[in-house]
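Quick notes on the structure that follows.
Numbers restart at 1 for each chain; the letters A, B, ... are given by sequence-line order, proteins then strands. We use all heavy atoms of the structure for the numbers below, so side chains are in, but hydrogens, waters and symmetry mates are not. Note that the coordinates shown come from a computational prediction; the quantities given were computed from them, not determined experimentally.
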Protein chains: 4
Amino acid sequence: MSTEERVRHAAVRLFAEKGFHGTGIRELAQEAGISSASLYHYMGTKEDLLVAIMRECLDRLLRGARQAVDGVADPRRRLASLVSLHVLVHARQPAETRVVDNEVPALSESARKEVVGLRDQYEQLWADAIDDGLRHRVFTVAEPTVTRLALLEMCSGVARWYSPRGPLDLDRLAGHYACLALRMLGSADDECPQAVETARMVVSRVW
Amino acid sequence: MSTEERVRHAAVRLFAEKGFHGTGIRELAQEAGISSASLYHYMGTKEDLLVAIMRECLDRLLRGARQAVDGVADPRRRLASLVSLHVLVHARQPAETRVVDNEVPALSESARKEVVGLRDQYEQLWADAIDDGLRHRVFTVAEPTVTRLALLEMCSGVARWYSPRGPLDLDRLAGHYACLALRMLGSADDECPQAVETARMVVSRVW
Amino acid sequence: MSTEERVRHAAVRLFAEKGFHGTGIRELAQEAGISSASLYHYMGTKEDLLVAIMRECLDRLLRGARQAVDGVADPRRRLASLVSLHVLVHARQPAETRVVDNEVPALSESARKEVVGLRDQYEQLWADAIDDGLRHRVFTVAEPTVTRLALLEMCSGVARWYSPRGPLDLDRLAGHYACLALRMLGSADDECPQAVETARMVVSRVW
Amino acid sequence: MSTEERVRHAAVRLFAEKGFHGTGIRELAQEAGISSASLYHYMGTKEDLLVAIMRECLDRLLRGARQAVDGVADPRRRLASLVSLHVLVHARQPAETRVVDNEVPALSESARKEVVGLRDQYEQLWADAIDDGLRHRVFTVAEPTVTRLALLEMCSGVARWYSPRGPLDLDRLAGHYACLALRMLGSADDECPQAVETARMVVSRVW
DNA sequence: AATGAATGAGTGTTCATTCAT
DNA sequence: TATGAATGAACACTCATTCAT
């Protein structure tokens with residue numbers, strides 16, 4: 001593993017564990033196995049490093065999500081795939097995703113704009129699937145916007161508690177969340193296994 | 001409003017907005033309208049202040065939750081009331097609840113133990129309702145533990161986005177979440193209005 | 001002497017001796033007899049301190065120069081008084097004046113504008129006296145602008161070498177420079193003693 | 001232009017513009033178009049580079065000054081030639097000369113001794129001319145030492161303001177300063193054109 | 001009750017310099 | 001000849017906290 005990768009990994013781990021402001025540059029350097037001065041060969045400012053982490057994670061998520069929904073007509077399958085992918089990624093990369101989810105307020109104005117922009121594009125894919133499902137009457141739910149937010153928070157929460165050492169494997173986890181999501185939307189939950197399959201394929205392609 | 005309250009409010013607002021480590025003592029003092037030295041008449045250390053905020057919030061939530069479920073036999077109504085209460089509180093007090101949800105890693109070992117202990121007691125009430133519902137076959141869900149976590153994350157997420165200036169009033173919000181929850185558990189969602197009523201009563205009693 | 005004054009004196013001494021960039025904040029603190037953290041009770045940034053020193057020195061010089069020329073009709077006496085005052089001040093306060101003369105490039109854009117503005121006002125008084133003298137034919141010199149600059153550099157140079165422990169007292173020094181200046185301008189040099197008298201009075205009033 | 005020359009030029013430019021302590025090694029490298037590590041193939045330490053610049057400039061000036069006065073009997077012509085040469089050099093090479101004039105305090109003890117020694121030899125030529133002129137009664141001035149310092153500061157000041165884009169060409173500038181100098185010394189100022197001629201010849205030989 | 005003054009330890013970042021390649 | 005990589009020390013500045021008044 002290159003030094004640059006070690007720096008990145010150290011930052012992801014520490015920012016996730018102690019927060020951006022709770023992580024010192026010297027701590028970061030020690031975790032990466034170099035001096036704090038050397039750190040600056042591999043990054044700009046501490047914030048630049050944070051932005052790079054967020055951008056890459058969101059970029060991948062957005063790219064993956066697009067692959068998961070592109071060309072899929074059935075909104076139930078689209079939504080289920082989005083949920084599965086989101087859960088898979090949050091369970092496999094809890095550190096990265098927690099940084100993305102928690103440290104937005106630590107960003108400066110301009111960086112925040114970029115990051116929020118990416119996140120908005122991503123969430124739009126969820127909104128489209130939900131709207132489509134409502135229009136085609138395969139979803140029945142009172143508040144689509146609130147429900148979308150509820151879904152996203154529910155799925156992102158996985159990064160806060162999932163442990164690979166627990167009894168649940170990733171596929172069953174993702175499948176279960178897909179079921180919960182379809183239930184919330186008032187739909188039958190028989191699309192889940194195929195959605196998990198799609199999500200797994202996307203993950204193997206993008207990560 | 002007493003000075004002590006002003007300090008508490010300032011801390012809640014800033015810890016929620018910028019995080020514990022992102023908030024300076026001088027910033028806190030300025031927001032409270034006193035000098036940073038005077039701050040120390042109203043608190044111990046900065047961490048003591050954080051702990052006090054978390055403890056009070058969790059205490060109230062736990063007390064409220066107990067009032068909401070005590071003596072209620074139907075697990076659907078218990079669960080729906082817990083969800084409604086949780087959502088109401090997170091929508092009405094987003095700053096306090098975000099501090100509780102986000103700043104646990106900023107605590108020292110011993111303080112963390114206490115706070116996590118309170119949270120565990122609180123979550124146990126949810127677990128009990130779910131288990132009870134499964135036992136009585138009013139709930140049908142594959143992974144009760146995962147589902148409980150999904151529910152909690154979904155509901156806590158409200159604090160991250162709800163705005164009182166939006167189109168949804170608190171009661172409808174709480175009711176909608178109760179419906180979503182019952183759906184997730186594979187139950188009919190006709191207990192929601194009463195659950196909201198219960199939650200409102202509890203809130204008015206405890207806060 | 002108050003702590004604030006000690007800080008100011010330390011800064012003047014060190015900035016003059018080693019330059020702004022050559023003076024560390026810790027060195028400054030040590031010279032002032034406080035910790036480097038305490039320094040920040042008595043100043044904004046290091047640059048703010050520099051600007052304050054420059055502003056005060058230039059303000060005084062400008063005020064003094066105006067008092068020295070106001071209401072004096074004879075341009076020879078005006079010019080001689082300006083020279084005497086300039087020399088007196090640079091000999092008595094070599095540290096302050098060297099900071100003003102040497103550290104302008106260390107200033108940020110906006111601060112530099114202010115400082116250069118003050119200096120320009122000051123130099124204008126010299127330009128006016130010279131122009132007036134040429135118009136009234138009491139001065140005879142080919143290049144008035146160049147000559148003004150030559151005069152100013154010559155007089156400012158005093159701060160770089162004059163020592164109060166040398167054989168020349170301040171009055172004779174100032175008088176000699178006034179003579180040199182009048183000679184450069186092609187004028188008789190009999191106004192000097194009165195000019196020194198004027199300068200001494202101004203100095204005692206403004207400093 | 002060789003890399004070594006590019007380094008030298010970059011250093012001269014930056015040391016003059018921002019001072020020795022205000023110039024970073026990376027900045028220097030960038031200005032020279034190489035990496036900061038490569039810099040060390042062409043210099044010793046940063047201070048060595050400064051010393052080399054100063055030494056060369058002072059060496060040339062001293063050599064030039066000797067050529068300008070050697071074998072010239074008339075002290076007026078000697079003094080006028082020294083002034084002309086000094087002004088020409090300071091106007092043509094403002095960066096080098098400002099470094100020499102401003103950065104002496106940045107030198108370590110031993111380097112400072114060497115540089116000050118060169119400067120003293122140079123100034124001695126001025127002192128000799130003045131003393132000679134006084135002895136032969138072609139100069140009339142009260143304080144020869146002070147006057148020498150005033151002359152030197154006046155002439156060195158040229159480097160701080162002269163611009164080749166201004167209305168004055170170098171010869172007229174040098175001639176004007178020679179006149180000012182002779183006036184200061186109480187002498188007729190008719191030696192100037194020849195002095196400028198001498199200075200120009202010396203410059204073309206030494207630089 | 002309130003705060004100006006004070007500080008040791010720490011912040012993120014840059015410094016001049018070295019060295020293996 | 002040239003440079004990426006590396007670093008200990010220093011940079012200007014802020015931290016949470018204490019204490020005399």
Inter-residue atom distance B/Leu62.CG - B/Leu58.CG, 0.5 Å rounding: 8.0 Å
A/Thr23 OG1 to A/Glu103 CD distance, which is reported to the nearest 0.5 Å: 8.0 Å
For A/Gly33 and for B/Thr45, locate the closest nucleotide of DNA chain F by heavy-atom distance; then report the residue assigned to the nucleotide nearer the 5' terminus. A/Gly33
For B/Glu47 and for A/Leu39, locate the closest nucleotide of DNA chain F by heavy-atom distance; then report the residue assigned to the nucleotide nearer the 5' terminus. A/Leu39
Calculate the interatomic distance between B/Asp48 atom CG and F/dT18 atom P; express it in whole Å. 10 Å
Quiz item: B/His41 side-chain donor-acceptor pair to E/dA1 base, under 3.5 Å: no
For DNA chain E, list all stems, counting runs of three or more consecutive pairs where every pair is Watson-Crick or G-U wobble with both distances under 3.5 Å. E:2-21 with F:2-21
Tell me whether [X] is salt-bridged to [Y], with the criterion being a basic N under 4.0 Å from an acidic carboxylate O.
X	Y	value
B/Glu31	B/Arg6	no
A/Glu5	A/Arg8	no
A/Arg98	A/Glu17	no
A/Arg60	A/Glu56	yes

Looking at B/Asp120 and B/Gly117, would you say the former's side chain and the latter's main chain have a donor-acceptor pair under 3.5 Å? no
Just to be sure I understand the geometry, which residues of residues 11-30 of chain A put a non-hydrogen atom under 4.0 Å away from DNA chain F? A/Arg26
What I'd like to find out is whether the side chain of C/Lys18 reaches to under 4.5 Å of the side chain of C/Glu27, using heavy atoms alone. yes
Against the side chain of D/Lys46, the closest entry in E/dT17, E/dA5, F/dT1 is E/dT17
side-chain contact (heavy atoms from CB on, under 4.5 Å) partner of D/Cys57, chosen from D/Val115, D/Val12, D/Val100: D/Val100
Toward the 5' end of DNA chain E, by each residue's nearest nucleotide, A/Met43 or B/Tyr40: B/Tyr40
Looking at C/Ser35, I'd like to know whether one of its side-chain N or O atoms comes within less than 4.0 Å of OP1 or OP2 on E/dG8. no
side-chain N/O D/Ser38 vs F/dT3 OP1/OP2, d < 4.0 Å: yes
Heavy atoms under 4.0 Å, any strand shown: does D/Ile34 hit a base, just sugar-phosphate, or nothing? sugar-phosphate
